[in-house]
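Please read the structure below before turning to the comments.
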Amino acid sequence: MEVSPELTTVFAGTVTSTYYNIALQIFCKLVTFALNGLILRYISKDLLGVINVRLLLLHTTILFLCREGIRRACSGNLQPSDWKKSINLIWLGIVLSFPIAFLLSLIWLFAMEVPNDSYYAVGVWAYALSSIIELLAEPFYITAQEMMILKLRVYAKFFSLAIQAALNAVFIIGVPRFGILIFAGTQVLGAVVYTGCFCLYFWKKLQQLKAPTSNSNELPVYSIRDFLPVLAEGPLLPDRLRHLAWSFTKQSFMKQILTEGERYIMSGLQMLTFAEQGIYDVINNLGSLVARLLFQQVEENAYVLFSKVLPRERDQSSPTKKNDSEAFGAKMLEVYLKTITAFSIIIVIFGYSYSDILLQIYGGQVLTTGDAPALMRAFWVYVLFLAVNGVTEAFVFSAMSKAEVDSYNRKLVGFSLSFLVSSWGFVKWLGAVGFIVANSLNMALRIAHSVIFIHRYYQHSRHDPLRGILVNRVFFIGCLAVAAVLPVLRSACDLTTVLGNVVFLALGAGLGVALLCVLWRTERELIFFLTNLFRRREVKLE
């Protein structure tokens, strides 16, 4: 396949951003990980449940409803000709956040079980306010994405989370009785820092712009005023994006249920106590740490890449027509799938054997008793489904036409209902582990849907990107061998002592390096392709 310089540049930009973002995310998460581990020793399990489940659920619900559909509609679709109307569409989400935040806050205050904390109402309003403040960054965020300034969002998130975690640690250790009040204040401050980073970056960047550029492909952004809504001639909103944004918004509503369904069930039905919710959330955050550090960055940048190289509306009259963009998309989907599948298998193998050690290091005795170890082990299996689904859906959402998006929205209703019903049933049967089982089954259904779509997308071509899900035989046998050896090493090491834990960790590290070497030796084409594209060179792969 001959890769054009334009597509190579697009990929090089996204893969460079992916590496850069992952490095920054790792540093950011290590800082917040350590600080949150410290906080865990000074607050109650009930407070954990209120903050990390109930209040954060309000925050994420407002953000999903007001920005997710608009973000996806605008990604790769902004044009200089209707820039002002596109800005109006982005601001529509910000304006709608006010009534949505108000109504949801009332539900959180009067329709759900209220914890025994006098500052709970303050926390609800503060988290709603932080959502609105964070949404004010959307015009800058979407513009940065379109201009491939992808590292800006990582810087902004890093500074906001680092400041939040540091202040939380200081004040919780000093005056723990003001728990919710402390978290509420730092949440609002974090939102201000996040939005301020975007504003400051573009203000400085636009100060350096002497005159409008003559490049017709660039967005007409010359001052901060260009990010504000305006009264344009004719319709205030772009028709081509308005309908797509509405379709994605309906889709995001269903996806929010699927993503945060267990938290809605916890909060609405009170199937778990606040203390149990707090422990589940800690396990969920630990288990998904790798997913957020690595796979979320890969998914987001894959979506940016696919949305730029894949035609959203395909020519159905010529199904056999060869298209360089679609061929490049197929190759990159295979590369993404092969990469995340291999790393996910490694994570499952080592995560299962080292779960209790990780919990002991992070939270002490609080996390090594009860259902926490079983929750941790179950979550590693879920990570594999999560990783594959993230990449396949990034491709599907980038390639879907508006009609296909609407059709998928109807299917999401079925996914959501089946997830809620299965969650209720599995929790009754298995306790908190039931949430993870239900999530895994739901991800399996969504992966199956994406696989069918991708197969049909390339059915009239010689491309088969789905083979990337299958790792090579040598690497798979190596993984089975390591999975068999780890329990033997575990029984040989005395894990009741510090020395035994250190020895077991060192042996695991050695086996992990050996698996990575096997992957490097057996996937030469994958490494060759990525290396050459990363260097912005044209390559030809048979």
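Here the structure is a predicted model, which is why all the values come from computation and not from measurement.
- Counting only heavy atoms from C-beta outward, the side chains of Leu486 and Phe350 approach each other to under 4.5 Å.
- Thr186 is linked by a side chain to side chain donor-acceptor pair (under 3.5 Å) to Asn168, counting only residues two or more places apart in sequence or in another chain.
- Here Arg377 pairs with nothing under the salt bridge (charged side-chain N to carboxylate O under 4.0 Å, His left out) rule; sequence neighbours left out.
- Contacts of His449 classified as ring pair (Phe, Tyr, Trp, His ring centres under 6.0 Å), with partners at least two apart in sequence or in another chain: Tyr408.
- Under the salt bridge (charged side-chain N to carboxylate O under 4.0 Å, His left out) criterion, Asp46 pairs with no residue at all, not counting sequence neighbours.
- Counting only heavy atoms from C-beta outward, the side chains of Ile172 and Phe183 approach each other to under 4.5 Å.
- The salt bridge (Lys or Arg N to Asp or Glu O under 4.0 Å) pairs that include a residue from residues 481-494 are Asp356-Arg490, where partners are two or more places apart or lie in different chains.
- Tyr352 is linked by a side chain to side chain donor-acceptor pair (under 3.5 Å) to nothing, counting only residues two or more places apart in sequence or in another chain.
- Considering only residues two or more places apart in sequence or on other chains, Phe504 meets the ring pair (Phe, Tyr, Trp, His ring centres under 6.0 Å) condition with Tyr354.
- Partners of Glu393 under the salt bridge (charged side-chain N to carboxylate O under 4.0 Å, His left out) rule, at least two apart in sequence or in another chain, are Arg446.
- In this structure, Trp424 places its CH2 atom where only 12 or fewer heavy-atom neighbours from other residues, nucleotides or ligands lie under 6.0 Å away.
- Remark: Gln277 pairs with no residue by the side chain to side chain donor-acceptor pair (under 3.5 Å) rule, at least two apart or across chains.
- Applying the salt bridge (Lys or Arg N to Asp or Glu O under 4.0 Å) rule to pairs touching residues 427-442 yields nothing, sequence neighbours excluded.
- Ser423 meets the side chain to side chain donor-acceptor pair (under 3.5 Å) test with no other residue; sequence neighbours excluded.
- Residues passing the ring pair (Phe, Tyr, Trp, His ring centres under 6.0 Å) test with Tyr280, sequence neighbours excluded: Phe435.
- Annotation: side chain of Ile182 is not in contact with side chain of Tyr119 (no heavy-atom distance under 4.5 Å).
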